[in-house]
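Everything on this sheet refers to the single structure shown next.
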Number of protein chains: 2
Amino acid sequence: MEAVQDLPPGSGPGLRTKSQLQRRRRILQAAAALASRGGVEAMQMRTVAERAGVALGTLYRYFPSKMDLVVAVVGEELDMLESSIARRPPAAHTPDGRAVDVLMRATRGLMREPELADALIRALILADVELPFGDRMAGLLLRVAGLPEVRADEEQAILAASLGAVWVQELLEMLRGRRTYEDIQHRIEIAASRLLADFPA
Amino acid sequence: MEAVQDLPPGSGPGLRTKSQLQRRRRILQAAAALASRGGVEAMQMRTVAERAGVALGTLYRYFPSKMDLVVAVVGEELDMLESSIARRPPAAHTPDGRAVDVLMRATRGLMREPELADALIRALILADVELPFGDRMAGLLLRVAGLPEVRADEEQAILAASLGAVWVQELLEMLRGRRTYEDIQHRIEIAASRLLADFPA
DNA sequence: ACACTTACTAGAATCCGTTCTAACTTCGGT
DNA sequence: ACCGAAGTTAGAACGGATTCTAGTAAGTGT
């Protein structure tokens with residue numbers, strides 16, 4: 001008896017078997033591929049399902065809504081950013097320099113697939129996501145600024161999150177065609193120099 | 001000849017006649033009323049049209065998409081904020097104090113109709129709006145900080161816009177139920193004190 | 001008043017996210 | 001090898017934004 005009826009809300013099926021992991025991977029891959037072409041519009045649930053070789057109902061079992069799917073795709077991108085940073089940590093000598101470095105690296109990554117980036121960022125902002133982008137980015141910024149979360153005080157956490165917020169908005173403006181990469185860099189540098197001014201070197 | 005076939009993209013029909021202005025007003029009013037109840041979901045195009053007493057096609061002639069409608073509603077709210085500020089300017093003695101004052105006043109205004117606020121903010125972020133919220137808010141912040149746009153240099157404009165960006169993100173967090181009014185005030189104060197630190201008193 | 005362009009109306013039609021159904025498979029336990 | 005639960009499938013069905021169509025009203029120039 002004791003049936004485990006309810007799936008862990010965020011994650012679809014239990015993903016016990018190997019074929020389920022593969023299905024999940026195929027879905028994410030199909031979704032990212034479609035979005036990197038035509039943006040959100042091209043990433044239609046029917047199309048994703050078809051391209052991943054699963055039934056529509058199955059797609060919805062793995063990702064209860066389109067937003068969940070988008071969030072998962074973004075999560076993968078963030079993983080990649082984090083591991084890229086672990087591989088080659090930012091070299092600047094000041095905390096704000098390192099933060100700018102990370103943000104601009106992320107910006108370049110997103111610019112490589114503008115349609116995907118557009119789809120992802122917008123969907124994220126819309127989403128009622130529980131494990132959000134913002135927090136993860138803020139944590140990352142704190143870390144490269146030299147303050148592992150434990151050592152940061154509340155004020156520093158707020159400042160790092162604020163810098164993340166500025167970056168997200170600039171990204172949106174870029175997606176709307178109103179900023180170039182250089183604009184963003186310039187603006188982020190200015191904001192970072194103020195927000196992170198009194199972080200310990 | 002010389003037919004003016006194309007409507008000015010943002011604004012729907014030419015709005016030449018009085019009855020067209022009234023129709024537009026009725027539509028905006030219906031939209032705001034519906035949204036302030038049940039949020040975006042309640043603000044359905046059919047319902048708005050019905051409640052405004054126009055045909056669905058006409059609604060779409062005035063506002064080519066739901067987003068355009070939302071943007072127009074937001075515009076009206078911003079007008080109200082600006083006139084409220086003109087009536088009772090912020091009293092704090094420092095530029096950042098005045099900026100915080102304005103932002104928190106706007107926050108309270110939005111909190112009064114949380115469903116509406118939610119609908120509006122999200123739609124705004126999604127929208128490819130040409131006349132954006134962000135710029136208008138940044139201009140307003142510069143003004144209350146004591147720098148009419150003409151006197152502000154580029155760096156100050158960027159810092160004001162950054163503060164606006166931080167505020168928008170905090171607002172989103174509030175709509176997600178992850179911030180209280182007091183949280184926002186605290187966080188905005190911290191960000192403003194850094195971002196506007198060297199504005200002339 | 002007349003002709004004609006433009007605006008409006010009612011309603012059907014389309015598109016896409018999401019939900020539902022009924023039958024078919026796969027898997028773990030026995 | 002067999003049973004029942006959980007996973008999968010193809011496809012229909014539903015809901016809301018958006019588009020389309022045919023016909024009616026309103027406004028403008030002559």
Side-chain angles (χ1 to χ4, degrees), chain A residues 1-8 11-27 30-31 34-35 38-72 119 122-123 126-128, chain B residues 1-8 11-27 30-31 34-35 38-72 119 122-123 126-128:
Chain A
M1 318 335 168
E2 291 290 88
V4 184
Q5 323 246 34
D6 298 353
L7 321 167
S11 21
L15 295 183
R16 9 184 107 278
T17 88
K18 184 173 300 186
S19 72
Q20 283 176 318
L21 274 172
Q22 289 182 337
R23 243 186 227 105
R24 186 190 156 90
R25 195 160 294 134
R26 262 185 297 138
I27 291 174
L34 285 166
V40 222
E41 304 99 67
M43 177 178 152
Q44 294 174 199
M45 296 303 265
R46 287 178 228 266
T47 318
V48 171
E50 192 180 329
R51 181 145 170 172
V54 304
L56 186 56
T58 305
L59 172 52
Y60 272 95
R61 171 184 277 276
Y62 281 74
F63 301 95
S65 78
K66 183 167 179 172
M67 211 113 79
D68 291 84
L69 180 51
V70 170
V71 168
R122 292 188 190 214
L126 275 222
D128 271 322
Chain B
M1 316 327 181
E2 294 289 87
V4 185
Q5 321 246 35
D6 299 352
L7 320 167
S11 22
L15 293 183
R16 8 185 106 278
T17 87
K18 184 173 300 184
S19 73
Q20 283 176 318
L21 275 171
Q22 289 182 338
R23 243 186 226 106
R24 186 189 156 90
R25 193 161 295 133
R26 261 185 296 138
I27 291 174
L34 285 167
V40 223
E41 305 98 69
M43 179 177 150
Q44 295 173 199
M45 295 303 264
R46 284 180 231 266
T47 320
V48 171
E50 193 179 329
R51 181 144 170 174
V54 304
L56 186 54
T58 304
L59 172 52
Y60 272 94
R61 168 183 280 273
Y62 281 73
F63 300 96
S65 79
K66 185 168 178 171
M67 212 119 75
D68 291 83
L69 181 51
V70 170
V71 168
R122 293 188 188 217
L126 274 223
D128 270 321

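The shown structure was predicted, so the numbers you read here are calculated from the model rather than taken from an experiment. The basis for the numbers below is simple: all heavy atoms, side chains too, and nothing from hydrogens, waters or symmetry mates. Residue numbering restarts at 1 for every chain, and letters A, B, ... go by the order of the sequence lines.
Nearest nucleotide to the side chain of A:Tyr60, out of D:dT18, C:dT19, C:dC16: C:dT19.
Considering only side-chain N and O atoms, A:Tyr62 lies nowhere under 4.0 angstrom from the phosphate OP1 or OP2 of D:dG7. When the side-chain nitrogen and oxygen atoms of B:Arg23 are compared with OP1 and OP2 of C:dC8, one or more of them lie within a distance under 4.0 Å.
In this structure, the CZ atom of B:Arg61 is 14 Å from the C1' atom of D:dT21, given to the nearest Å. The distance between atom CD of A:Gln44 and atom C1' of C:dC16, rounded to the nearest whole Å, is 6 Å. Spacing between atom CD of A:Gln20 and atom P of C:dT25 amounts to 18 Å, rounded to whole angstrom units. Atoms NZ (A:Lys66) and P (C:dC16) sit 9 Å apart, rounded to a whole Å.
Among all heavy-atom pairs drawn from A:Phe63 and A:Met45, the shortest one is O-CE, 4.3 Å.
Contact check of residues 49-59 of chain A against DNA chain D (heavy atom, cut-off under 4.0 Å) returns A:Gly53, A:Val54, A:Ala55, A:Thr58.
Within the model, atoms CD of A:Glu41 and CG of A:Leu34 stand 12.0 Å from one another, a figure rounded to the nearest 0.5 Å. Distance check: A:Lys66 NZ to A:Gln44 CD gives 6.5 Å after rounding to the nearest 0.5 Å.
Shown here are the side-chain contact (heavy atoms from CB on, under 4.5 Å) partners of A:Ala35, two or more places apart in sequence or in another chain: A:Met43, A:Leu116. Partners of A:Ser65 according to the side chain to side chain donor-acceptor pair (under 3.5 Å) rule, which considers only residues two or more places apart in sequence or in another chain, are A:Asp68.
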With sugar-phosphate taken as primed atoms, P, OP1 and OP2 and all else as base, the protein-contact string of nucleotides 24-30 of chain D at under 4.0 Å (heavy atoms; B, S, -) is -------
